[in-house]
Amino acid sequence: MSSTTPQIRLFNTLSKSKEDFVPLDANNVRMYVCGPTVYDYAHIGNARPAIVFDVLFRLLRHVYGKEHVTYVRNITDVDDKINARAARDFPQMPLNKAIQQLTGTTQAQYQADMKALGCLAPSIEPRATDHIAEMVDMIEVLIEKKHAYTADGHVLFDVKSFRDGDEVLYGKLARRTLKDMIAGARVEVAPYKRDPMDFVLWKPSANDGPGWQSPWGTGRPGWHIECSAMSKKYLGETFDIHGGGIDLSFPHHENELAQSCCANDTEQMAQIWMHNGFLQIEGNKMSKSEGNFFTVDELLHTKKFGGRKWPGAVLRLAMLMKNYREPIDFSLTRLEEAEKTLQRWKRAMLALGLDFTEANRAEYEKLGPCSKMLAALASDMNMSGVLAELHRHAGGKKRHNAGRLFGSLGLLGVVDFDAMMVWQEQQTDALETKGVDVAHVEASIALRLMALHEKNWAEADRIRDELASKGIQLMDYKDPETGEKRTRWEIRQ
């Protein structure tokens, strides 16, 4: 990290405050984010954490180097919802085979959806069922250390065993006492539990359900132990950042923290816990029964929302136009605003002199973000500050502004060179469809530049006015390398 790189500060749910991010090892920055349970298409709410933590992943890679950042996002492929959906969708198959069919197809769909939203693939994407041995090992350690017990074929974590002297530590992420948590949470009532808040680490499998051999009989893991085992395997007993949606903070992350610290004899599981806010649809909770439930695939490929399909870049930008910790209202108005903003930025890059042709690829892909934009992003992903800098550069008058705008949008994952090259070609095709003679416009601009060089102001003005009468707006700029006057043009909107 260079001396000019801004200090990253992140809001830590554990401390309820913003903290300077200092990785345990700057050569091995590690982040774990809870991924999907693969039984159905990802809905737009599932996309928000994927986008939020993808931006953080990109920021960490920019600051510490791509080779020094490891991002793990798991796949949960064993769950009651999976079993039920597999039995429903593939009734002619044996259940285990149906589960494999469902989870394989759904995982592939999720990955395709997130790619369409501009998300990079995580460094590692482990499936829970590939790590049963690690879960069994961790559960055995918890039993040995008196943090877990067996009862009626189950293994349960003893929440009161997570303590420091007389102080029970369970609840420190939520900052709630056991009494408060019991009063405010839905807990499974079971006669074999020592405490109502004790949670399942291992449970028996139904005869036709998925199951694995263990010291406690044929069964399968509880949800929470999966992430503890996988994060330990790939990131170590303690790592830098643990992320997910705010809905996971309790009980899932609370349980992860407790069992990991108890199994590993550590004071912390992750240095910083981060959570993105809830998502609503047009001011209401998303619900299939209310008819306002939208999958990413539907938004991308059907006309179910707003009567049209929405590009992945627009969906992504709409998600980023709000602070990640705040609730977001996913509305038609927000999408339309994001689309207009993105179009304005794209037009500005062309107007200020960027030309997305293959000859310029190597140069443009080296363009970096604006320093002030980077500083805003490093400040707990302050998107209002980020957007202000993007708008400032879009309203600039120099090619330098266009370069910084492109580099900044690239860091955010909103645009890349290939997308801009396609868009630029589409604009040319659209102009020709509208009857604009592109060759004539370019020839007129060349004649005007010649007139300006010869100080024939009247002729230069005549050409400009002639093009303006046809709705063509000219924008002059200086080539930063040669100092020569250049001109970009666009159809006046």
(message) What verdict does the side-chain contact (heavy atoms from CB on, under 4.5 Å) test give for R316 and D54, after you've listed the backbone C-alpha separation in whole Å, the side-chain angles of each residue and the deciding distance to 0.1 Å?
(response) CA-CA 11 Å; R316 183 182 182 92; D54 178 70; 2.5 Å; yes
Can [X] and [Y] be counted as having a side-chain donor-acceptor contact under 3.5 angstrom?
| X | Y | answer |
| --- | --- | --- |
| E237 | T266 | no |
| S331 | T333 | no |
| N255 | Y170 | yes |
| T103 | R127 | yes |
| N46 | Y41 | no |

Closer than 3.5 angstrom, by distance alone: can the side chain of [X] be matched with the main-chain N or O of [Y] as a donor-acceptor pair?
| X | Y | result |
| --- | --- | --- |
| D380 | N382 | no |
| S249 | I246 | yes |
| N292 | S287 | yes |
| D158 | K146 | no |
| R48 | M319 | no |
| S408 | C370 | yes |
| E298 | T295 | yes |
| S231 | S228 | yes |
| Y149 | R194 | yes |

What heavy-atom pair brings [X] and [Y] nearest, and what distance separates the two atoms?
| X | Y | value |
| --- | --- | --- |
| A376 | G385 | CB-C, 3.7 Å |
| L279 | I44 | CD2-CG2, 3.7 Å |
| V159 | V168 | O-CG1, 4.0 Å |
| M475 | A351 | SD-CB, 3.2 Å |
| G35 | N74 | N-OD1, 2.8 Å |
| Y364 | D355 | OH-N, 2.9 Å |

(request) Taking the six-membered ring for Trp and the full ring for Phe, Tyr or His, determine whether the centres of H43 and F330 are under 6.0 Å apart. (result)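 Centroid separation for H43 and F330: 6.0 Å or greater.
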To the nearest 0.5 Å, tell me how far [X] [atom1] sits from [Y] [atom2].
| X | Y | atom1 | atom2 | value |
| --- | --- | --- | --- | --- |
| T341 | H391 | OG1 | NE2 | 5.0 Å |
| N28 | L235 | CG | CG | 8.0 Å |
| T150 | L201 | OG1 | CG | 11.5 Å |
| H224 | Q259 | NE2 | CD | 7.5 Å |
| L120 | Y71 | CG | OH | 9.5 Å |
| L102 | D77 | CG | CG | 10.0 Å |

(request) Starting from the C-alpha separation in whole Å, work towards a yes-or-no answer on salt bridge (Lys or Arg N to Asp or Glu O under 4.0 Å) for K232 and D137. (result) CA-CA 12 Å; K232 178 180 179 180; D137 288 346; over 6 Å; no
(request) Report the residue from M269, H252, M135 that forms a side chain to side chain contact (heavy atoms under 4.5 Å, CB included) with C227. (result)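 When M269, H252, M135 are each tested with C227, the side chain to side chain contact (heavy atoms under 4.5 Å, CB included) holds only for H252.
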(request) Test F157 against every option in L142, I143, I139, V200 by the side chain to side chain contact (heavy atoms under 4.5 Å, CB included) rule and name the one that passes. (result)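 Of L142, I143, I139, V200, side chain to side chain contact (heavy atoms under 4.5 Å, CB included) with F157 is met by L142 alone.
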When you compare the side chain of [Y] with that of [X], does any pair of heavy atoms fall below 4.5 Å?
| X | Y | value |
| --- | --- | --- |
| L377 | V55 | yes |
| L332 | W310 | yes |
| E226 | T76 | yes |
| E290 | I281 | no |
| F21 | I241 | yes |
| N83 | I99 | yes |
| Y234 | H131 | yes |
| F356 | L350 | yes |

(message) If you apply the rule side-chain contact (heavy atoms from CB on, under 4.5 Å), what do you find for L56 with L10, and how did you get there?
(response) CA-CA 10 Å; L56 181 56; L10 300 172; 4.2 Å; yes
(message) Can you classify the ring geometry of Y32 versus F239 as parallel (below 30°), tilted (30 to 60°) or perpendicular (above 60°)?
(response)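 Geometry flag for F239 against Y32: tilted rings.
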(message) Below 30° counts as parallel, above 60° as perpendicular, anything between as tilted: where do the rings of H275 and H253 land?
(response)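 Correct class here is tilted.
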(message) I'd like to know whether F417 forms a side-chain contact (heavy atoms from CB on, under 4.5 Å) with M420, so could you lay out the CA-CA distance, the side-chain angles of the two residues, the decisive distance to 0.1 Å, and finally the verdict.
(response) CA-CA 5 Å; F417 187 89; M420 283 302 301; 5.9 Å; no
Does atom [atom1] of [X] have more than 12 heavy-atom neighbours, drawn from other residues, nucleotides or ligands, at distances under 6.0 Å?
| X | atom1 | value |
| --- | --- | --- |
| K172 | NZ | yes |
| K66 | NZ | no |
| K285 | NZ | no |
| K366 | NZ | no |
| E144 | CD | no |

Salt bridge or not for [X] and [Y], using N-O below 4.0 Å?
| X | Y | answer |
| --- | --- | --- |
| D329 | R334 | no |
| E389 | R392 | yes |
| K233 | D130 | no |
| D198 | K160 | no |

(request) State which residue, out of E256, Q271, R30, fulfils the side chain to side chain donor-acceptor pair (under 3.5 Å) condition with H242. (result)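 Testing H242 for a side chain to side chain donor-acceptor pair (under 3.5 Å) against E256, Q271, R30 leaves exactly one candidate, E256.
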(message) Using a 6.0 Å distance limit plus a 45 degree cone around the ring axis, check whether R73 lies over the aromatic ring of F53.
(response)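 Judged by the rule (NZ or CZ under 6.0 Å from the ring centre, within 45° of its axis), R73 is not positioned above F53.
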(request) In sequence, state the C-alpha distance, the side-chain angles, and the governing distance for V141 and H147, and then conclude on side-chain contact (heavy atoms from CB on, under 4.5 Å). (result) CA-CA 9 Å; V141 169; H147 292 298; over 6 Å; no
